[in-house]
Amino acid sequence: MPGSARLHAFGSRGALQSTSTGGAKFDGALADLARHAGQARPDHLLADLRAMAPGARFRRSASGAPLVLVDAVTRGDPLALKAALESLGLERSAVFANDVSGWMPVQQLDAATLRSEVHAIRAALSRTRAGAVTSQG
C-alpha cells in the first residue's frame, strides 16, 4: 500500500556507547547489535540478529551460541590481538597485516572492546560484485 512502507535504519552508536572507551571502538553495525542482541528471541535467534544487522554474517557455534563475523584492528601486535580475541571465544581466526578476522560470540562483543589490543572492531559485511557486462552483436 503506498505510504505504508517503514524506513528502518540500523548501525548507529547509542549515546553511552559513543562516549565510552569500548563503545567507540565499534562500527555502527556492531554497536547497534551489541546494544540490542539481548532482545533477540531464542527460537528465532539468527533471524532476529540478521534483522538487527542485515549486512553482517551470522552462524551458530557447536554449542549453539550465535557468532558474528568480525574484523578487528590493532595498532600493536596482531598475534596478541588474535590471542586476546580467541580467549573470548573467537573461532576460525585469520590474521592479515594488523587485522584479525573470525567468528566472535555475540555475547562477547562488549568484552572485546575492553581489550587494550583492540583499536577498532567492525562487522565483516558481505559484499556483492556485479558481473562483467558483455555486448552481444
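Only heavy atoms go into these numbers, but all of them, side chains included; no hydrogens, no water, no symmetry mates. Predicted model only: the values in this text are computed from it and were never measured.
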Got a sec, which hydrophobics cluster with F96, joining ILVMFWY side chains under 4.5 Å apart, including via others?
none
Do the side chains of V95 and V73 join up, straight or via other hydrophobic residues, at under 4.5 Å, putting them in one cluster?
no
Would you say the side-chain atoms of T74 pair up with the backbone N or O of H119, donor to acceptor, closer than 3.5 Å?
no
Side-chain heavy atoms under 4.5 angstrom apart, residues restricted to Ile, Leu, Val, Met, Phe, Trp, Tyr: same cluster for M52 and W103?
no
Q108 side, atom CD; L67 side, atom CG - distance, nearest 0.5 Å:
11.0 Å
Are L45 and V70 grouped together when hydrophobic residues (ILVMFWY) are joined by side-chain heavy atoms under 4.5 angstrom apart?
yes
Interatomic distance, CG@L46 vs CZ@R57, rounded to 0.5 Å, equals 13.0 Å
For A72 and L85, the nearest pair of non-hydrogen atoms, with its separation, is CB-CD1, 3.6 Å
Taking C-beta and beyond as the side chain, do R122 and F26 meet within less than 4.5 Å on heavy atoms?
no
Decide, yes or no, whether a salt bridge links E91 with R59 under the criterion of side-chain N to carboxylate O below 4.0 Å.
yes
Taking atom CD of E86 and atom CE of M104, what is their separation to the nearest 0.5 Å?
9.5 Å
Does R75, at its CZ atom, have more than 12 non-hydrogen atoms belonging to other residues, nucleotides or ligands within less than 6.0 Å?
no
Is the shortest heavy-atom distance from the side chain of V100 to the side chain of D71 under 4.5 Å?
no
When clusters are formed by joining ILVMFWY residues with side-chain heavy atoms under 4.5 Å apart, either directly or through shared neighbours, do L79 and V118 land in the same one?
yes
So, for D27 and A123, which heavy atoms are closest and what is the spacing to 0.1 Å?
OD2-N, 3.2 Å
Are any side-chain N or O atoms of D32 and backbone N or O atoms of A53, one a donor and one an acceptor, separated by less than 3.5 Å?
no
So which atom in K82 and which in S93 form the shortest heavy-atom distance, rounded to 0.1 Å?
CE-OG, 3.0 Å
Here the gap from L109 atom CG to L33 atom CG, rounded to the nearest 0.5 Å, amounts to 6.0 Å
Identify whether the distance between the nearest side-chain nitrogen and carboxylate oxygen of K25 and D110 falls below 4.0 Å.
no
If you compare all heavy atoms of P42 against all heavy atoms of R60, which two are closest, and at what distance to 0.1 Å?
O-NH2, 4.1 Å
Tell me the closest heavy-atom pair linking L81 and N98, and the distance in Å.
CD2-O, 4.4 Å
For S87 and R115, which heavy atoms make the closest approach, and how far apart are they?
OG-NH1, 3.3 Å
Residues passing the salt bridge (charged side-chain N to carboxylate O under 4.0 Å, His left out) test with R41, sequence neighbours excluded, are D48
